[in-house]
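Notes follow once the structure below has been shown.
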Amino acid sequence: MSNTQRKQFPFSEYEPQWQTFWLENNAFSVPNPGELEFDPQRPKYYVLDMFPYPSGEGLHVGHVEGYTATDILARYKRMCGFYVLHPMGWDAFGLPAEQYALKTGQHPAITTKRNISRFRNQLQSLGFSYDWNREINTTDPNYFKWTQWIFLQLYGSWVNPASGKAEPISTYNGKDPDSVRLAYVAEMPVNWCPALGTVLANEEVVNGRSEVGGFPVERRPMRQWMLRITAYAQRLIEELEGLDWPESIKLLQRNWIGRSEGAEVIFRTDSSTLNVFTTRPDTLFGATYLVIAPEHPLTGVLTTSHRQAEVGAYKKAISSKSDLERTDLNKEKTGVFTGSFATNPVNGEKIPIWIADYVLMGYGTGAIMAVPAHDERDFEFATKFSLPIRYVVAPTATKSCEPISGCFTGEGAAIHSPLIEGLPTAEAKRQITAWLEKEGAGRLAIHYKLRDWLFSRQRYWGEPFPIIWEQGQHYPLDSTSLPLCQPEVADFKPTDTGEPPLARAKEWVHYSDAAHRETNTMPQWAGSCWYYLRFCDSSNSSRFVSQTAEQYWMGGGKPGGVDLYVGGTEHAVLHLLYARFWHKALFDLGQLSTPEPFQKLVNQGIILGSDGQKMSKSRGNVVSPEHVIEQYGADSLRLYEMFVGPLEQMKPWSMKGVEGVYRFLARVWRLAFKEDQEGHWDVSSELKDIPMTSGQLRIVHGTIKKVTSDIESLSFNTAISQMMIFTNEFTSASPCPIEALHILLRLLSPFAPHLCEEAWSKLVLRFPNFESSASRQVWPEYDESLLIENEVELVVQINGKVRSRLLINRSATSSEIESAVLALPKVMEDLAGKLPIRVVVVPNKLVNIVVH
RNA sequence: GCCGGCGUGGCGAAAUGGCAGACGCAAGGGACUUAAAAUCCCUUAUCCGACAAGGGUGUGCGGGUUCGAAUCCCGCCGCCGGCACCA
């Protein structure tokens, strides 16, 4: 279809008009508790999109998909009488604006403002029913004031092991409060990216390269702000339970947190003790050597003098390797012998201690006992270095006298293990752990893969830390001094000495003669960790969210507050884990009323290009929403993205498919209007205030039922199919009962709001019950009794194959049905005198006759 | 390697234990038109048969459970996503 093609209905005229109307009338703004027009009796529904980073690229068809889904829910719930919180905002701190600033010298705030304005216009051109009064922007000082305030809450609290909850740091009685704060400073090896000039979180590093830009990342020790998310590891796993999230996402989070239960075992050496972590304490008798990580603090002590040269060379070689090289699974195992031995507590045996980079300092205790017979990695290492392999677990099917070879990692029965001989693995673990505890040689231990969250960045365009330094000690700023804004700088690059760009603002850094400001900034995730809370009360200047607003919008008797949260899978472990962590900490501190942020989570699938490939500029298969709106209208774009397939599924784009839904909308339009000679659309003369036939009633009420349940289950594609069936039915109705259209326009209005508003506002000229506007109508209800037909058609099967059909009254009993079916000529013919062995009757559906 | 998801016409899909292919696209035929576009109507999984009547086959492959399986179970194959020396 060319641009000059005459439009089948005047969407390009009315769509912008309705968008302006909604905007100017604040049509979708919703009151908060305590406000004048607020009715406390009404239920709430909080439906949220993952807010976008306002990139220079503008809106993408992928955004439109998720945003349309939530908009349908929002409009539907409003019509059902809910107060609907459906807000939008901008996750506007971040690298691209800063990179652009580096190149052009333009302040990121200017770029950000321009991009936001473009994004907002694009969203408005799709008719999304956001409450724009609640719009937020993470880079706005009135917003990040509270991001900084939350940081101070984390800084000022710790997780008390006794309660398992965050408490004010004042309840901590130990000597060094700084060692337990939820926000703390640590000198640690970090992911330093030279190209980006910053450190990155583990989650931002993919295969040894930066997620943004794909630049190499190296390990380097630096002083950094950390958030103690590991204190919440257990709760972050357990409390997934009560959430309506896809199982796959829950699993992704569980795997990321990576809980493993086992034992720490103490091995004595001549000079010290070595603590190792194992999930298989039942294999202790099979430990033939120990391995410690190259970064382990005891490497020096344990290396004997004549091994020093070799160990030193090995450690040096390792430290120069990138993470990518170190974690390459295909590479051969490497390691060196320290010269020392350790004593196995269960049998007093002396076993050699090795250093190898297949043991990671960051997990467990950075030391392992190697049981090559029952661990693949140890097996590989032992084979290469000719270390002994001792079998201590027999697969239960095998008799213990049979020889075992290779590596057996499964569970079985303990053998050659005096304390636990013959016990099944689970029991063996329990008994040996109990024995170790009794002997003071070990204890039950749980470790997590999850690491603390590296929270500082050497960037300009982020929230400054409300922290000052005095004589090497950090102190919080008073919350009354917030927001702490970034200073103006002439250059957004890090300084030559590697300090963050904020260090360039000497006056700003100078807090007093004795103290200076922290010059790191927070990562982009900070602002998105709590934005859903700010939406509840976005203009509050005295609190991050008022308690009444938070209790109303986040309440509802479930663990999570947001009723529906829609966004991409790419945030499965980053944003969603961070936000849960902040939420729990604030909940513990009494600032929030629910333990979880998001009750129901749905991931929309990716929209591929029409070639089935991921959309990208380089492939030239990118579809621009603006272009589609221009040709087919916003309603068509919305409807197409919902019709093309299930929300959560990956689906290719098809312009022909857009034309299909466009034609459907045109048919709906022509139900209401007919075009005259001059090209004006007049209300159709077919429309009459007449009752519907019983057949029409059945379709209308069947459609109400299906569309309602399909919206509730987010099955928008089948809801649209049903409305197409409805429309096809009435296209040929002459005259056409106006009641049918009155219902259809309400059912369709969440999907195609512009068309429905326009039609509604024109139809009122002839039919007075089209008063007010379509989006202010009450959702139609269906009458179940109208769906039931007296006569039902039964499928008649013989041995599971359809052989005939039977029309029969739905009140017929099973035996009546059976005799009626057996009397059918076709059935008698097919049976040819044979007697049925069995007749299965499924009421109102089918009869199956079983014969030999 | 481990974990998860998916596999149905020419295409997007529907049906989650009861008529496989709703709805849409594409294709073909017809009506309207001087003509075209748009619109409206019909056909459209596949094979045998005559485009009939009637019948066979068919939801990645091979088995199983069941009166009955796209749907449940077991074993494979393929594609997609996540994790990746986590002891």
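Quick note on labels: first sequence line is chain A, next is B, and so on, each numbered from 1.
- A/Lys315 meets the salt bridge (charged side-chain N to carboxylate O under 4.0 Å, His left out) test with no other residue; sequence neighbours excluded.
- Taking atom C1' on both B/A14 and B/U66, the two are 25 Å apart, rounded to the nearest angstrom.
- For the OP1/OP2 pair of B/C40 and a distance below 4.0 Å, the side-chain nitrogens and oxygens of A/Arg670 include at least one atom meeting the criterion.
- If you take atom C1' in B/C67 and the same atom in B/C74, they sit 23 Å apart, rounded to whole Å.
- Nucleotide B/G9 has no partner under the Watson-Crick or G-U criteria, as no pair reaches both atom distances under 3.5 Å.
- Base pairing of B/A45 is made with B/U57, judged by Watson-Crick or G-U wobble geometry with both donor-acceptor distances under 3.5 Å.
- Distance CD1 (A/Ile849) to C1' (B/G68): 13 Å, rounded to an integer number of Å.
- Using modelled atom types and a 3.5 Å distance limit, the side chains of A/Glu648 and A/Asn603 yield no donor-acceptor pair.
- Contact annotation for A/Val359: base contact, defined as any heavy-atom pair under 4.0 Å involving a base atom.
- Although no hydrogens or angles enter the test, the distance criterion places no donor-acceptor pair under 3.5 Å between the side chain of A/Gln253 and the main chain of A/Val573.
- Nucleic acid contact for A/Lys826: sugar-phosphate only, since backbone atoms but no base atoms lie under 4.0 Å from a heavy atom of the residue.
- Side chain of A/Gln8, nearest nucleotide from B/C3, B/U57, B/U39: B/U39.
- For B/C19 and B/G58, the C1' atoms lie 15 Å apart once the distance is rounded to whole Å.
- Comparing the C1' positions of B/G7 and B/G12 gives an interatomic distance of 15 Å, to the nearest angstrom.
- Atoms CD (A/Gln604) and C1' (B/G5) sit 17 Å apart, rounded to a whole Å.
- When the P atom is used for both B/G75 and B/G68, the distance is 23 Å, rounded to whole Å.
- In this structure, B/C67 forms a base pair with B/G18, meeting either the Watson-Crick or the G-U wobble geometry with both donor-acceptor distances under 3.5 Å.
- Defined by atom type and a distance below 3.5 Å, a donor-acceptor pair is missing between the side-chain atoms of A/Gln8 and A/Arg663.
- A ring-ring contact (aromatic ring centres under 6.0 Å, His included) with A/Tyr632 is found for exactly one of A/Phe9, A/Phe11, A/Tyr662, namely A/Tyr662.
- Atom CZ in A/Phe664 sits roughly 17 Å away from atom C1' in B/C40 (whole-Å rounding).
- Each of A/Leu251 and A/Asp378 was assigned the nucleotide of RNA chain B with the nearest heavy atom; the assignment lying further toward the 5' end belongs to A/Leu251.
- The OH atom of A/Tyr662 sits 12 Å away from the C1' atom of B/A37 (whole-angstrom rounding).
- Taking atom CD1 of residue A/Ile355 and atom P of nucleotide B/C85, one finds them 20 Å apart after rounding to whole Å.
- Protein atom CZ of A/Arg254 is 16 Å distant from nucleotide atom P of B/C3, rounded to whole Å.
- Cation-pi contact between A/Lys333 and A/Phe381: absent, since separation from the ring centre below 6.0 Å together with deviation from the ring axis within 45° is not met.
- Between the P atom of B/C79 and the NZ atom of A/Lys614 lies a distance of 20 Å, rounded to the nearest Å.
- Checking A/Tyr448 against A/Asp830, the closest nucleotide of RNA chain B that is more toward the 5' end is the one next to A/Asp830.
- Remark: the separation of the C1' atoms in B/G10 and B/A45 is 10 Å, to the nearest Å.
- Summarising the base pairing, B/G62 is matched to B/C74 through a Watson-Crick or G-U wobble pair whose two defining distances lie under 3.5 Å.
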Please evaluate residues A/Arg810 and A/Glu791 with respect to the criterion salt bridge (charged side-chain N to carboxylate O under 4.0 Å, His left out), reporting the C-alpha separation (whole Å), side-chain torsions for both, the decisive distance (0.1 Å), and the verdict. CA-CA 6 Å; A/Arg810 66 178 299 118; A/Glu791 294 257 286; over 6 Å; no
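- Ring pair A/Trp354/A/Tyr289 is perpendicular by interplanar angle, where above 60° counts as perpendicular and below 30° as parallel.
- For an aromatic pair to be called close, the ring centres must be under 6.0 Å apart, and A/Phe285 with A/Tyr391 fails this.
- Applying the 90° cutoff around 0 to the glycosidic angle, B/G9 is assigned syn.
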Base, backbone or nothing for each nucleotide of nucleotides 13-29 of chain B, written B, S, -, heavy atoms under 4.0 angstrom, 5' to 3'? SS---BB--BBSSS---
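- Atom CD in A/Glu380 sits roughly 14 Å away from atom P in B/G1 (whole-Å rounding).
- Atom C1' of B/U8 sits at a distance of 15 Å from the matching atom of B/C61, rounded to the whole Å.
- For B/G62 and B/A52, the C1' atoms lie 39 Å apart once the distance is rounded to whole Å.
- Backbone-only contact: A/Ser260 has heavy atoms under 4.0 Å from sugar-phosphate atoms and none from a base.
- Across all strands shown, A/Arg803 has heavy atoms under 4.0 Å from sugar-phosphate atoms exclusively, and none from any base.
- Nucleotide B/G4: paired with B/C80 (Watson-Crick or G-U wobble, both distances less than 3.5 Å).
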